[in-house]
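Just so it is clear: chains get the letters A, B, ... in the order the sequence lines come, proteins before strands, and each one is counted from 1. Computed from a predicted structure; not experimentally measured.
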Amino acid sequence: MHWKTRQKMMKLLLGGVTFGFLAYQWFPMVIMAVLSFTDPEGGVTFPMRGVSLHWYREFWADSFIDDFKPPMYRSLMLAVMCSVTTATLALAAVQAMRSRFFGSNFFFYLILLGIMAPGILVGLGMAFVARILGIPLAWYTTTFAVHMVWTLPFGMLLLMAAFNRFDHKLEEAALTLGASRWTTFWRITFPLVLPGVIGAALFGFTLSYDEFARSLFATGSEQTLPLIVFAQVDRQLEPTLYALGTTTTVISLLMIGFFALLFHIVRRRSRSDVAITT
Amino acid sequence: MTTPVESHRYDLELKGITKRFDDFVAVKNLSLSVERGQFVCLLGPSGCGKTTTLRVIAGLEEPEQGEVWIGGVRVDDMPPWERDFAMMFQDFALFPHMTVRKQIGFGLEMMKRPKAEIQRRVDETLATFEISEMGDRKPDTLSGGEKQRVALARALITQPGILLLDEPIGSLDFSLRESVMLELKDVQRRLGITFIWVTHDQNEAFSLGDTVVVMNHAQIEQSGPPETIAERPRTRFVADFIQGNNVFEGTVAAIEGGHARIQTASGIFAVPVDPSQAPAPGAAVTFSIRADILTSQPTDGHVNRLTATCRAVEYLGAIRRYDLVLEDGRSVKLEQFRSTGTRINEGEKVTLGWRVEDGVLHTPPAGAPA
Amino acid sequence: MSAFRQRSSVSYLLALPAALWMIAGLIVPTLFIVWVSFWATRRFSLESPLGLMHYIKFYNTPVYQKLVIDTVLQTGLLMGITLVLGYCMAYFIVGKVRGEGRKILLILLLIIPFWTSALIRTIAWIPFLGVNGVINQSLIFLGLIDEPIGVFLYSRTGITMAQVSFYTLMATGPVVYVMRNIPPSLQQAAQCLKASPTRVFWRITVPLTIPGVLIGQMLVFLNVMADFATASAIGGNKFTYLGNLVLNLYESGQLSFASVIAVVLMLTMFAGVALLLRVVDIRRLGAL
């Protein structure tokens, strides 16, 4: 076979695998969204019967899972808390690690452990801690604690990448111009790594908003949205769940879009700043 | 039609190569013939198409039009790994996961040579390039100069017909370049391999090349021995690009025998023309005169004259370079050996002159109004 | 390194909050699990005597040990599938797609689901897999089968299908990252040294992307080992892995025994990571 034909076929094959997988990955979510618009008589699978907003009305009404609105509010609040805290603590942690203090390697792996530790065990351990020490379980204390264990390492890795990317001579230049370390950090360093900070905030938000394994044992009676969804799947599957699933997926996508926009604006601005300073 | 016999005269032949990247034309209808054992330098500013030309020869880029012949074989339809050449990359492209020994043997291994032969030839090559003691080291432990040697050894061990070099010393320290250049020239002479060397540095091109090919805007501006390029720039671009030329713009006032009288803002000058290709009176033309041919002590033969004031003096070893201002505000460069001529002081007014035959009239760029 | 360094004391202050958080949210809970696993009573009480009671129970019950093997086998299967799928996709996106914009688009299409709810994605699989699900309906429509078959929902096939769609990203991402950092001149240099694309792939591309493969496989390993939600929602609690067992034991109040299983899960994961690092010479990680 001619070498160009062979290369073309290879490309076709690999492209087929890639697009095939992307379809495979996205299709269920699309189908779920479609099925959520089925008629009151429609079931949880095809054939779909008619088009209506029935299941959306159904889940918006208080009847479904004793009202989903408080759990959704809790999930959103928790996500915002994780987002802000992740960005802040990760920024401090990465800035600290730049000076390679004694034990900084150990510190790095300590945080990285949060990605590796299985969620269900972290939740289980937190439940024990609360029970033994007599701390009441709550989404804004114990759940918040274990969510951060999951989001902080992502924030740290993102910010490390951001810190590695900029020219450290800019900081030295600011220092030689007489700026204090404090001023240098806020006027030079921070604007340059801001895209990384935004990325850390995005991870903090979406990972916490959707987190379920870590919340399971650590949350107590005031449950978050993924927890009531999990409970409902165990009980009964109905198109209301599709409507809910579609709604929260849209919320996730909107958040990603929002952060992407923020990222874009900040990066453009910092680029023009750098263009002026250099 | 090209017969194979004709093609065998050349080690490398490009015929009418055109290569586009979307809307950008990187190489336009380029033809080039290189005889066996020649050292050819492709010289030009960045973006002129010299590297693309090299990659077309290698097969790393596929031209839209034209033919590539290597060693008398038409290779347009062959992938890089079947063409008879070797290449040195600007960043050396050493494989980070292989020891120097493995690295150098890689080409022979790909040619499915017996193990014993690979072993022997790698040993020889390591010895030839005086890198035997680095055989077991990985590239990240090598200095720039050592990497360069390994890359050269890796390329030459397969005994290629031609060696393509893409700015091969551009990433080396300035202090190393001179010695590496001499070494590479020596290697080329010893092995008799055709070298195609891409560079943007004219000193490199002039001190190494048997032939210098000056490129601009995807085309060849001029090709020839270094002396010709330096002393008889064919186009205005070459005259501007090569240091040491004073370029004048003007219009043809009259054609008189072997020369044209050209009206410029600084006066009327006589410049030799080829009577068969003489421009029409009134045509806009450019010509140049080398800074080291101008004299500040004109005699009767120096019929072209200029009055200028010295603005600055530079010392370049045996040479003094003067920056002078003409009465119309233009600047002119003058180079003189320190041993000859008297020193001109800053602010001093002098008369410059040159003989008719010293001026070089440029061919207008293709497509420009005559 | 940069001259911009704060004094050590400032670094410690900056690192302190994150370190304390990780200790309180991760290290202490883990130690508590280990502690509780040695409580030799059925009650959850601080007065419990310490002992190996629950470990002995685990040791004497082959069903639980089979569960460890099932979990490891399922994880191994997922690692195999995601390795091949993930590498093919990374190679296509980095090596074959032209234009930075298109590459970024494909990468985004790949990772956006990671930022949406895994639980919702699991639920989304259910209409696909059921007896009257999309897959069965399509197969009947294509004439490949006459009657709906039940191999998808409540089966290992269904669980595996869903897990592949969740975890392939983790195998692909790090390979894409590492592959994008390989200068194209390396592959071209190999071609110029007479290596065909197949040989360039095996001799240059593969060795240089091993760090990415390793990181990706580690992520898949850790996540599938601990995954219980997929098996629970799609497997209908019929098929369980170690994570499901922890959940079931916790819900039935057997906290010490749940801790033993948790410890077993942790040890298996440690062993797996150690093995992964052993299989691939870690010194090669420094190559890039």
Side-chain angles (χ1 to χ4, degrees), chain A residues 7 11 14-15 17-18 21-22 24-25 28-29 31-32 35 44-46 89 92-93 95-96 98-99 101 107 110-111 113-114 116-122 124-126 128-129 132 145-146 148-149 152 168 171-172 175 181 206 210 212-213 217 226 229-230 233 237 241 245 248-249 252 256, chain C residues 2-6 8 11-12 14-15 17-19 21-22 24-26 28-30 32-33 36 46 85 88-89 91-93 96 109 112-113 115-121 123-128 130 132-134 137 165 168 197 222 225-226 228-229 233 243 246-247 250 258 262 265-266:
Chain A
Q7 282 198 321
K11 183 174 174 177
L14 291 173
V17 169
T18 306
F21 178 81
L22 286 177
Y24 180 76
Q25 180 179 251
M29 294 165 81
I31 295 291
M32 176 181 74
L35 282 176
V44 290
T45 180
F46 282 106
L89 291 195
Q95 177 67 16
R98 293 176 71 197
S99 68
F101 56 89
F107 175 67
L110 173 69
I111 295 184
L113 218 51
M116 307 179 71
I120 188 166
L121 299 194
V122 177
L124 180 70
M126 186 49 80
F128 289 164
V129 170
I132 291 168
V146 288
M148 280 296 296
V149 166
L152 187 56
H168 299 275
E171 289 176 332
E172 288 164 27
L175 288 173
R181 285 174 186 280
T206 57
D210 299 323
F212 147 73
F217 302 139
V229 172
F230 185 67
V233 179
L237 192 68
L241 219 44
T248 81
T249 305
S252 290
I256 297 168
Chain C
S2 152
F4 184 70
R5 290 183 183 178
Q6 61 275 68
S8 263
S11 287
Y12 282 118
L14 285 169
W21 204 299
M22 295 310 284
L26 181 64
V28 173
T30 309
F32 272 48
I33 292 176
V36 172
L46 284 171
L85 259 181
C88 284
M89 291 199 288
Y91 191 70
F92 177 75
I93 293 173
K96 301 281 177 184
L109 280 176
I112 283 176
W115 287 318
T116 66
S117 167
L119 197 59
I120 299 297
R121 293 174 67 200
I123 294 169
W125 268 97
I126 296 174
F128 260 75
N132 288 313
V134 177
Q137 287 174 0
S165 86
T168 302
L222 293 170
M225 281 297 288
F228 63 96
V246 174
L247 177 59
Y250 182 87
L265 177 57
M266 259 190 282

Go through [options] and name the one with the most non-hydrogen pairs under 4.5 angstrom from chain A.
options                               : value
C/Ala19, C/Gly243, C/Ala24            : C/Ala19
C/Cys88, C/Pro29, C/Pro197, C/Ala118  : C/Pro29
C/Val246, C/Ile93, C/Thr168           : C/Thr168
C/Thr30, C/Val36, C/Leu265, C/Val28   : C/Val36
C/Gly25, C/Ala229, C/Ala226, C/Ser117 : C/Ser117

- [ ] Start with the C-alpha gap between A/Phe107 and A/Phe101, add the side-chain angles, then the distance that decides, and say whether side chain to side chain contact (heavy atoms under 4.5 Å, CB included) holds.
- [x] CA-CA 10 Å; A/Phe107 175 67; A/Phe101 56 89; 4.1 Å; yes

Could you tell me which of [options] has the largest number of non-hydrogen atom pairs under 4.5 Å with chain C?
options                                : value
A/Thr249, A/Ile111, A/Ile120, A/Val146 : A/Ile120
A/Ser252, A/Gly245, A/Gly125, A/Ala93  : A/Gly125
A/Pro28, A/Pro226, A/Gly119            : A/Pro28
A/Val17, A/Val129, A/Leu113            : A/Val129
A/Thr248, A/Val122, A/Leu124           : A/Leu124

TODO: For the residue pair A/Val149 and A/Met126, establish whether any side-chain heavy-atom pair is separated by less than 4.5 Å.
DONE: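 A side-chain contact under 4.5 Å is absent here.
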
Let me know if [X] has heavy atoms under 4.5 Å from chain C in its side chain, its backbone, both or neither.
X        : answer
A/Leu22  : side chain
A/Phe212 : side chain
A/Ile256 : side chain
A/Leu152 : side chain

TODO: With sequence neighbours left out, write down each residue that passes side-chain hydrogen bond (donor to acceptor under 3.5 Å, both in side chains) with C/Ser165, or none if nothing qualifies.
DONE: C/Trp125

Can you tell me which portion of [X] sits under 4.5 Å from chain A's heavy atoms? Options are side chain, backbone, both or neither.
X        : answer
C/Leu26  : both
C/Ile33  : both
C/Ile112 : both

Open item on the list: Please determine whether a side-chain nitrogen of the Lys or Arg among A/Arg98 and A/Glu171 lies less than 4.0 Å from a carboxylate oxygen of the Asp or Glu.
Closed with: yes

